[in-house]
Every structure is written in structure tokens, then in C-alpha cells.
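Let me begin by presenting the structure, written as C-alpha cells, before commenting on it.
Indexing begins at 1, ligand by ligand and atom by atom, following the structure's order. Each residue takes its place number in the sequence, starting with 1.
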Amino acid sequence: MRLPERGREPGEVLEALEALRAGDVDWRGGRAFTLAYHAGDEVLALAREAYARFSAENALNVHAFPSLRAMQADVLAMLAELLHGGAEAAGFLTSGGTESLLMAVLAARERGRAERGVRAPEMVLPTTAHAAFEKAAHYFGVRSVRIPVRGDWRADPDAMAAAVGPNTVLLVASAPQYPQGVVDPVAEVAAIAEARGIPCHVDACMGGMVLPFLERLGEPVPRWDFRVPGVTSVSVDLHKYGYTAKGASAILHRTKALRRYQTFQTDNWLGGAYASSGVLGTKSGGAIAAAWAVMQHLGAEGYLRLARSAREACLRVAAGVEAIPGARLLAPPEATLLAFGFDDADPFAVADALWRRGWYVDRQGPPPSLHLTVNAVHAAVADAFLADLAASAGEARAAAARGARGAYGTLE
Ligand SMILES: *Cc1c(COP(=O)(O)O)cnc(C)c1O
């Protein structure tokens, strides 16, 4: 496409946009078990309106926009309370889980350098910790020391402890980890970190807005937040189970002093003092306003209802998967994530067959398996999905088909 010489009318442009999405997965209809989250049309409309109203405002400099400073402070305060962060906790909003994890690793590297003179930093993390940690390792020159998980897919604290050396600047645990959806033994990992004076980051990008509510519902959730001694930072994605617009995550540090290690300042150019909290320079106020609005609208009651319905849908799908001959859950779901494989069919061929039926699921491995991120929207479609899953499994089995590996993220 070329930039048109003469611009087009807004109505025509919007029509063209709508036509472009014809082949997209129907996430509002619950057809995507990844990438998108939906708490109903009212929440979506509010997020969009709040985003639209602040889309041009720029959080790069909140002196010009005290509104954004106030909204960010409010969102972080709401989160700090949920995570039992106490009065000392301090954080920043980021553009997503990836940026939150980048900042956790950067802060740990900087702290290791400042406090212990570490020049060849390493981090010790389970093989299940998110791919964004590898990106952080790549960007920031931190060696990633991946430690195999136990048979139950949880981090192995003893093996992690054995891998800690003089250059270790960070230990990582996840609540839950993404691939199999189980919660790492955060208390044990954090204890190792605390005993050696090393930061411990808990990646709660998935669980941060779910586990606090499952706990209130009486589910047996192991401790994973700031109540655990030794946890120094936690990441929580708001654009996942916070059900707000894309571009919103948070990183919270146990103290303001720890938060300082993630910030950047310079005056080494002719444009004056420049400072920023994260990766971005210009940062849309839209995502911040949408997060503020959706959290205020849903409240604890709303999130409790959504967590319950996502959890029930997840358990229903899990039971349905187990009832399909040849299908196997990798682990009993501890939050709202689910992974499963097949004894007698290629899981990626099953995913292909599901996509032909309009369902989008994640493909992962090793081991080759399918991954579902179950959210509130799926309560209404769980049974329809299970029927199509059984049919798709049968189809893949009969055809002995091989499917493409697929990818969680792409380079396009
Ligand atoms: C989604 C996710 C991330 C990365 O978040 P993005 O918002 O996709 O950048 C990190 N960790 C976990 C556990 C996640 O589920």
C-alpha cells in the first residue's frame, strides 16, 4: 500500500479497518485461548473510552500531566494492597509483561553492580520462566542459567541453590509459570535469595490479578507475594487478567530504594535532563487511564466474580480434556492455565483442526502440547470447545496428521 495522495474519509477508512479483521480470531466470542481477555462488552467499552480520552497524553513527563501521575499512583497503590506490599512498596506501570521483566532483570543487574561489584552478571531461573527473561538476558548482557524443573513442573529450589554463584544477581520464580500453569515454590526460592542477599523476582504476570481472588474464594493458593520474605519484586499484567486495554503491566519493588535501580537518567546530550522509568520514552496515557478506569469499575467484587468464572471454566475444560481418550493434562491446573497432550495424536495437528473450527490455542514444547489461557469469557463456550476438541482429536488421530509447530510470538 502507498500513502494515498488524497486522504480518505474517516467513515471509509473505518470500514476498511473492519474489513481487515475478517480473518481474525473471534476473541470476544471466546474463541481465543491466548492473547486476548474479555470481561464483557461493558468493561470493554469503558476501557476503550478511557483509552481514547487519554490516548494523546504522554506519561513520559507527568509534570505536564498530573492526571497521569495520579492515575499511575492509584493503580500501583491498588496493586500494592492486593500483593501485600506494605507502605514501602513502590513501582511503575510498564507497557506489558515483557517490559516489567526487562526492568526486573535490569534492576537486579544494576543492584549487583552497585552493591557487590558484579561485572559478569548471571540469573538463575527455572526452565519454565517466561521467554521474556531470555530477551532481558540478551538485551542486558546477563547470563541466563536455566535450571530443570521437578517432575511436577515446579522450580527445583535445591538445584537452583546449587547454581547460585558469586555472579548471581537474580533468582526467579513464577506464579503461575506459563507453560504448565503451576505455581513455583516461591517461599523456598525466595529464602535462598534472602540468605545470600540476592533479589528474587516473582513473575505474576498471569497470576497477579487472579491468585489474590482465588485465595479469597478459599482455594489453596501457596504464598507467592510480598508476604513471602525475600521476594524483592513482582510483575503483574493488567492487560491480561486485569481485563484492561493492551499496554498495561506493573512492576512493584519491595522498597523505593530497590525501585531506583530500574530508572535511567542522562544529561549527556544537548536536550537537557532526561529521565525515564522503563524502556519507553513517549508513553501513551491511554493504557494508564484504561487500567485505572477498569480497576475502579470492576472493584474487588468484579475481579472476584471474574476469577471465579475463569477458574470454573478452567476446571470444566480440564475435566473435559481428561475425559477424551488419549488426552492427558500435563499438570492439574492451579490457576487458570491448562496444558495437555495426546498419547495417540499430534497435538499440533489437533490445533490445526481446532483452528479450522475457529478456535485458537497455543502450541508449545517440549514436550509438544497445547496450552490454554482460560479467562472469564470462556465460561460460556467451554462445552462447545470440548465438543470441538474431541472431534479435532479424533480427526488428527484418524489422519495421523502432523501439524505445524506454531509460535507464541512472531517476527512479523
Ligand atoms: C504474558 C506473560 C509475560 C509477558 O507479558 P507480555 O505482556 O506478553 O509482554 C511474562 N510472564 C508471564 C508468566 C506471562 O504469562
Contact region, E99 to ligand 1, non-hydrogen atoms below 4.0 Å, reads neither
Do W359 and V381 come within less than 4.5 Å of each other through their side chains, counting heavy atoms only?
yes
Proximity of H371 and F340 rings by center, below 6.0 Å:
no
Is D203 touching ligand 1 with its side chain, its backbone, both, or neither, if touching means heavy atoms under 4.0 Å apart?
side chain
Check whether S369 reaches the backbone of G365 with its side chain - one donor and one acceptor, N or O, closer than 3.5 Å.
no
Checking heavy atoms under 4.0 Å, the part of Q177 that sits near ligand 1 is neither
Side chain, backbone, both or neither: the part of A132 lying under 4.0 Å from ligand 1 by heavy atom
neither
Give the residue, atom name and distance (to 0.1 Å) of the protein heavy atom nearest atom 1 (C) of ligand 1.
K240 NZ, 1.3 Å
Below 6.0 angstrom between ring centroids: does that apply to H378 and F33?
yes
To which protein heavy atom is atom 6 (P) of ligand 1 closest, and what is the distance rounded to 0.1 Å?
G97 N, 3.5 Å
For T232 and H201, run side chain to side chain donor-acceptor pair (under 3.5 Å): C-alpha distance rounded to whole Å, both residues' side-chain angles, the deciding distance at 0.1 Å, then the answer.
CA-CA 6 Å; T232 52; H201 182 77; over 6 Å; no
Please walk me through it: do T373 and T34 pass side chain to side chain donor-acceptor pair (under 3.5 Å)?
CA-CA 5 Å; T373 301; T34 172; 5.1 Å; no
Which of the atoms of ligand 1 are close to H239, meaning less than 4.0 Å from one of its heavy atoms?
7 (O)
Determine whether F348 and P368 make a side-chain contact, defined as any pair of heavy atoms from C-beta on separated by less than 4.5 Å.
yes
Numbered in order shown, the ligand 1 atoms found under 4.0 Å of a heavy atom of T98 are 4 (C), 5 (O), 6 (P), 9 (O)
Taking distance alone, with N or O pairs closer than 3.5 Å, would you say Y178 contacts ligand 1?
no
If you measure from atom 4 (C) of ligand 1 to every heavy atom of K135, H130, K246, M206, which option wins on shortest distance?
H130
Within a strict 4.5 Å, meaning less than it, do heavy atoms of the V149 and D156 side chains meet?
no
Under 3.5 Å: N/O of L101 near N/O of ligand 1:
no
